[in-house]
2 protein chains.
Amino acid sequence: MTEIAAITGSIPRAARIIDVLTKAPDGLSLAQIVAESDFSKTTVFRVLANLQDVGYVFQDLESRQYRLGQKLARISQTACRTDIAAISKRGMQRLAALTEDTVFLSIPEGAAAICISRATGAFPIRTLTLNVGDTRPLGVGAGALALYCSMSRKERETIQRINKNWMADYGVSEAELAADYAVFQKTAYAANFGRIVAGTSAISVPVITGKGRLVAAIAIGAIDARMTPERINTVLIPAMWQEATLLAQRIDEMEQG
Amino acid sequence: MTEIAAITGSIPRAARIIDVLTKAPDGLSLAQIVAESDFSKTTVFRVLANLQDVGYVFQDLESRQYRLGQKLARISQTACRTDIAAISKRGMQRLAALTEDTVFLSIPEGAAAICISRATGAFPIRTLTLNVGDTRPLGVGAGALALYCSMSRKERETIQRINKNWMADYGVSEAELAADYAVFQKTAYAANFGRIVAGTSAISVPVITGKGRLVAAIAIGAIDARMTPERINTVLIPAMWQEATLLAQRIDEMEQG
DNA sequence: TCTATATGTTCCGTTTATCGGAATGTTTTG
DNA sequence: CAAAACATTCCGATAAACGGAACATATAGA
């Protein structure tokens, strides 16, 4: 019963407009933003005026089109202290090439997992369950499950409390999550067989630095037929562990040097 | 007559809080943000809740501290399509080493100039008129003046209209700006002798790509004693033009390759 | 372990910024 | 030069934001 909740409040509206502008690096006219955002012309105009005041947006002198400003660029530089997406790129591509499946990289953020990178392999049926930028409650989906299972008991409890409703949206009960956790403890990887999208399965391993900090999870998704125990154990998991270790090392290096 | 205008409205408040968080990449507690921002606890809490909803901010699970989220990182990547600050770094450092003075790089954004990079030379008296991130109305200060003077007549008129009040804040009249423009046309560089900060002078040249697009201005600032016509013409300007040409080439390469 | 203090979260009546429709300017287009 | 599209301002009604105070939770000290 997903009520189509209308966006309300200035900040969500501003975020929506920034989102629209993000998809058009070369700028958009007021009318275009109105069309994309479904807000009234006046509202868009006023929000844009506010965003201009704070430097997040500016208006091209000739075209009058609105574009994202440098201020946002500066903010984001502190938002991602180490650019894991960039560091991991090569390893992700190696995995995708080797396995021919789709490889995802997710990081934890609060009680959510965010997909920050994706690489697709050569296999003709592609499993694109997650787009870059998508978020899931920790524990739902292979990558988010690997992250969840790699956290302390206290953290896991906090997560369950926070994500109660969100998890329900995905139809995942606490019992199922507990079962998944138990499996992870035995196999040392997270698995999700067709729970989110029927016909597709995914497995995932965590990326943990030398100091024990959980930084990400590497996941591989494919159609069920390609996810045989045989292939998982002999091909996928070894390769994933290798890349996870490599990535963890590179992150350690970055944060020291 | 600078009335201390209290920040009002959700968007400016949100921007202020994001600013505060930008200065603390490792997160801040609610109380700390309240202290830094001068908003009531309730307001900060509510704004943070909004920012969490849109993914700009998240709360660390254990420490409960608030931090900037990945969403902002992604937004900023489109905000700066070519990272001029990064590309220019070496050249800026070369200039600072050669001249021993302070080198600034500013880019135009709407009717403003934003300083996006700075390099300091060895000379013991440092001229730090601009910080990275500072904005000036186009035409005020050497860098912003070089940008202004490199624009079309139509653009310059638009700028004057938009920046009328803002320029007045700096005590720059339209007549003075017109005079500066005339000088630029003759000398091919912008100069600002002690107008903004007494005792310091600055000169600037524009950075223009092969296709004629104005992308930035390189400026050098120093105490008046170091800004002799002799030194400007034989040392500074040639070096600046060289680096400006180099930078323009590198930007062209970036945007094609 | 229990108390005290600091910190974080919710409640609620008041105020004020936000809302969108309509009117007014402004620029592009035929 | 007229008409259409587009951008900006105005305005009354309303809903969202506001902050103080009450409540809950976490941290530190006895």
Side-chain angles (χ1 to χ4, degrees), chain A residues 5-18 20-21 24 27-54 57-67 110-111 152-155 157-162 164-165, chain B residues 5-18 20-21 24 27-54 57-67 110-111 152-155 157-162 164-165:
Chain A
I7 292 178
T8 183
S10 283
I11 291 172
R13 280 177 223 251
R16 176 90 188 84
I17 288 174
I18 288 174
V20 169
L21 285 172
L28 289 175
S29 69
L30 179 65
Q32 287 172 310
I33 299 171
V34 170
E36 298 279 336
S37 66
D38 282 330
F39 301 139
S40 80
K41 204 164 37 165
T42 315
T43 296
V44 173
F45 184 78
R46 184 170 24 76
V47 171
L48 282 171
N50 279 322
L51 291 173
Q52 272 187 289
D53 286 343
V54 298
V57 155
F58 72 99
Q59 212 173 356
D60 191 277
L61 284 175
E62 312 143 272
S63 66
R64 289 188 174 208
Q65 296 200 323
Y66 292 90
R67 297 176 48 178
S152 71
R153 207 169 98 78
K154 198 178 170 189
E155 285 173 309
E157 282 166 5
T158 310
I159 290 163
Q160 289 205 12
R161 184 166 42 74
I162 296 176
K164 215 173 166 186
N165 296 323
Chain B
I7 293 178
T8 184
S10 284
I11 292 171
R13 281 178 223 249
R16 176 89 188 84
I17 288 174
I18 289 173
V20 169
L21 285 172
L28 289 175
S29 69
L30 178 65
Q32 289 172 310
I33 299 171
V34 170
E36 298 277 336
S37 66
D38 281 330
F39 301 139
S40 78
K41 204 165 40 163
T42 314
T43 297
V44 173
F45 183 77
R46 184 168 25 77
V47 171
L48 282 170
N50 279 320
L51 290 174
Q52 272 187 289
D53 286 343
V54 298
V57 156
F58 72 100
Q59 212 172 356
D60 191 277
L61 284 176
E62 310 143 272
S63 66
R64 289 185 169 212
Q65 296 201 321
Y66 292 91
R67 298 176 48 177
S152 71
R153 206 168 99 78
K154 198 177 171 190
E155 285 173 307
E157 282 166 4
T158 310
I159 290 163
Q160 290 204 12
R161 182 167 42 75
I162 296 176
K164 214 172 167 188
N165 296 323

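Reminder, nothing fancy here: chain letters follow the sequence lines and each chain counts from 1. Predicted model only: the values in this text are computed from it and were never measured.
Considering only side-chain N and O atoms, A/Thr8 lies under 4.0 angstrom from the phosphate OP1 or OP2 of D/dA16. Not one side-chain nitrogen or oxygen of B/Ser10 sits closer than 4.0 Å to the OP1 or OP2 atom of C/dA17. Between A/Arg13 and D/dA16 there is no side-chain N or O to OP1 or OP2 distance below 4.0 Å. For C/dT7, neither phosphate oxygen OP1 nor OP2 lies less than 4.0 angstrom from any side-chain nitrogen or oxygen of B/Arg64. The phosphate of C/dT7 has neither OP1 nor OP2 within less than 4.0 Å of any side-chain N or O from B/Gln59.
When distances run from any side-chain atom of A/Val47 to the nucleotides D/dC6, C/dC19, D/dT25, the shortest one goes to C/dC19. Set against C/dT18, C/dG8, D/dC6, the side chain of B/Leu30 has C/dG8 as its closest nucleotide. Nearest nucleotide to the A/Thr43 side chain, out of C/dG20, C/dG8, D/dA17: C/dG20.
Side chain B/Ser40 to base D/dG20: no donor-acceptor pair is found below 3.5 Å. For A/Lys41 against C/dG21, a side-chain-to-base donor-acceptor contact under 3.5 Å is absent. For B/Thr42 and D/dG20, a side-chain-to-base donor-acceptor distance below 3.5 Å is present, hydrogens and geometry of angles not being considered.
In this structure, B/Arg13 satisfies the cation-pi test against B/Phe39, with its NZ or CZ atom closer than 6.0 Å to the six-membered ring centre and inside 45 degrees of the ring normal.
Counting only distance, with no hydrogens or angles, the side chain of B/Gln59 and the backbone of B/Arg64 share a donor-acceptor pair below 3.5 Å.
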Verdict with reasoning, B/Arg153 to B/Glu157, per salt bridge (charged side-chain N to carboxylate O under 4.0 Å, His left out): CA-CA 6 Å; B/Arg153 206 168 99 78; B/Glu157 282 166 4; 3.1 Å; yes
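For the helix from C/dT1-D/dA30 to C/dG30-D/dC1, the axis fitted to the five pairs at one end and the axis fitted to the five pairs at the other end meet at an angle of 50° (nearest 10 degrees).
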